[in-house]
Q: 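What follows is a structure written as structure tokens; I'll ask about it next.
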Amino acid sequence: MPSFTFSSDVRDSTDGLLLVLRARHILVAGSPSDDTHIVKGRLPDGVDVILESDLVIALSGTVNRVPIDASDIQCSAIARHLLNYFHVNSAQLGLRPASKIFVDDTDGIAKLTLSPTRHLLRPRTAALRLSAIEILYVFKTPQPQGTSGAQPHAGLAVAADPFSPHAFLPLVAALDRTVERLVVTQLIRRYPLIFGPWRERFDAEVATSAKIARAVADIVSRSSHAEFSQRSRRLIKALRRNCAAIAKASDDALRGLLPNTRGDEVLLPSSSGSEECA
């Protein structure tokens with residue numbers, strides 16, 4: 001299945017400064033492809049999104065529609081703010097910074113990498129892999145007459161330059177609000193199997209459920225009560241059918257996301273739903 005993307009925006013304004021934090025999410029099902037499909041709207045609810053390796057965060061920015069050089073972004077207070085946010089909240093998010101901000105030699109873009117602090121999940125149904133997130137900081141500032149289209153920082157005092165190494169207080173407050181909203185609404189809520197506290201509860205429930213399932217199966221297999229054993233096996237078969245139906249619904253939702261994609265390219269479960277739920 002081809003790689004595909006979707007975008008989301010978070011906006012804030014303060015003291016005449018407009019900030020739009022635009023995140024471009026890059027996801028892959030199966031093997032990544034050169035062609036990237038743009039998805040509009042929400043991802044299907046029945047499709048899980050997981051992480052299989054370090055997550056790459058790419059950073060770029062514009063001021064009044066003029067792109068900012070990657071080296072300026074690398075040295076900016078904005079980049080340090082984001083890096084510090086992930087450092088401070090790594091325990092709650094389940095990812096920690098694995099690098100400083102660097103400029104990638106292959107594409108000249110400022111980036112950082114995040115490493116998961118929890119074990120990687122093995123998907124039991126059709127799943128998407130979160131490959132990277134590209135974050136674009138879009139600033140619109142008041143421009144004095146005659147400076148339009150000049151230099152990226154034209155008309156700005158050094159202290160008020162959004163991509164200065166030293167952030168001014170209104171900018172710090174705007175960054176606090178927008179980054180927090182981006183993480184909560186676009187990462188934790190969209191990807192609960194990767195970010196946030198829900199994953200910890202999920203892991204605990206999976207471990208407990210596995211022990212209970214093994215204990216129940218052992219009781220049924222050792223029982224000498226014929227009627228009990230028959231009714232128990234019927235219930236277990238019903239549970240397996242339910243798991244298989246959920247797996248099929250997830251696979252259908254993923255296929256429907258890109259209906260022109262060949263079906264054999266979709267990331268399918270490694271085995272049937274009944275075997276996975278045994």
Side-chain angles (χ1 to χ4, degrees), residues 1-11 19-40 43 49-87 90 93 95-116 120 128-140 149-154 161-165 167 171 175 178-179 182-183 186-187 190-191 194-195 257-258 261 265 267:
M1 172 176 284
S3 306
F4 62 94
T5 69
F6 68 92
S7 300
S8 57
D9 290 356
V10 176
R11 296 172 178 266
L19 167 60
V20 179
L21 207 57
R22 183 165 297 143
R24 183 171 178 260
H25 309 242
I26 303 173
L27 302 103
V28 178
S31 300
S33 64
D34 294 332
D35 297 329
T36 301
H37 291 244
I38 298 175
V39 177
K40 296 182 179 180
L43 292 175
V49 179
I50 62 172
L51 194 65
E52 287 193 346
S53 61
D54 288 353
L55 178 64
V56 177
I57 307 291
L59 305 177
S60 58
T62 64
V63 177
N64 299 326
R65 300 184 178 181
V66 179
I68 304 300
D69 188 77
S71 60
D72 290 337
I73 294 175
Q74 179 187 20
C75 301
S76 68
I78 286 176
R80 292 199 306 274
H81 176 275
L82 185 65
L83 186 64
N84 182 67
Y85 181 91
F86 284 119
H87 270 299
S90 60
L93 292 176
L95 289 95
R96 63 173 176 268
S99 73
K100 296 180 179 180
I101 307 294
F102 65 94
V103 176
D104 193 334
D105 293 335
T106 60
D107 54 18
I109 296 176
K111 297 178 180 178
L112 67 96
T113 57
L114 302 176
S115 293
L120 299 176
L128 300 175
R129 303 194 313 276
L130 181 61
S131 173
I133 299 176
E134 300 173 352
I135 299 179
L136 172 64
Y137 291 82
V138 180
F139 285 97
K140 186 175 182 181
Q151 297 297 320
H153 307 278
D161 179 358
F163 290 93
S164 167
L171 175 60
L175 290 172
T178 52
V179 170
L182 175 73
V183 170
Q186 305 301 326
L187 300 186
R190 286 183 183 269
Y191 311 125
I194 301 175
F195 299 94
L257 190 62
L258 295 172
T261 302
E265 292 178 337
L267 177 60

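For the numbers below, each heavy atom of this structure counts, side chains included, while hydrogens, waters and symmetry mates do not. This one's a predicted model, so the numbers in the text were calculated from it and none came from an experiment.
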Q: Is there a side-chain contact between Ile133 and Leu187, using heavy atoms and a 4.5 Å cut-off?
A: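 Answer yes - side chains close enough.
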Q: Check for a donor-acceptor pair, side chain of Ser99 on one end and backbone N or O of Thr113 on the other, with a separation under 3.5 Å.
A: yes
Q: Give, for atom CG of Leu130 and atom CZ of Arg190, the distance between the pair rounded to the nearest 0.5 Å.
A: 11.0 Å
Q: If you round to the nearest 0.5 Å, how far is NE2 of His87 from CG of Leu93?
A: 12.5 Å
Q: Between Gln74 (side chain only) and Ile101 (backbone N and O only), is there a donor and an acceptor less than 3.5 Å apart?
A: yes
Q: Show, in sequence, the C-alpha distance, side-chain angles and deciding distance for Glu134 and Ile26, and conclude whether the side chain to side chain contact (heavy atoms under 4.5 Å, CB included) test is met.
A: CA-CA 8 Å; Glu134 300 173 352; Ile26 303 173; 3.4 Å; yes
Q: To the nearest 0.5 Å, how far apart are CG in Asp72 and CG in Asp69?
A: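 Asp72 CG to Asp69 CG: 5.0 Å, rounded to 0.5 Å.
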Q: Run the ring pair (Phe, Tyr, Trp, His ring centres under 6.0 Å) test against Tyr191 and tell me which residues pass, sequence neighbours left out.
A: His25
Q: With Ile68 as reference, evaluate Leu59, Ile78, Val63 under the side chain to side chain contact (heavy atoms under 4.5 Å, CB included) test and give the passing residue.
A: Val63
Q: If you compare all heavy atoms of Ser53 against all heavy atoms of Pro116, which two are closest, and at what distance to 0.1 Å?
A: O-CD, 4.2 Å
Q: Going by heavy atoms in the side chains, are Phe139 and Asn64 under 4.5 Å from each other?
A: no
Q: Find out whether Leu175 and Leu19 are in side-chain contact, i.e. whether some heavy atom of one side chain is under 4.5 Å from a heavy atom of the other.
A: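 Of all side-chain heavy-atom pairs linking Leu19 with Leu175, at least one is under 4.5 Å.
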Q: Do Arg80 side-chain atoms and Pro165 backbone N/O form a donor-acceptor pair below 3.5 Å?
A: yes
Q: Taking the side chain as every heavy atom from C-beta outward, state whether Phe195 and Leu95 have any pair of such atoms under 4.5 Å apart.
A: yes
Q: Taking atom OG of Ser131 and atom CG of Asp54, what is their separation to the nearest 0.5 Å?
A: 11.5 Å
Q: Are Ile73 and Tyr137 close enough that some pair of their side-chain heavy atoms sits under 4.5 Å apart?
A: no
Q: Applying the side chain to side chain contact (heavy atoms under 4.5 Å, CB included) criterion to Arg22, which one of Asp9, Val10, Leu182 satisfies it?
A: Asp9
Q: Quick check: do Leu82 and Ile135 have side-chain heavy atoms less than 4.5 Å from each other?
A: yes
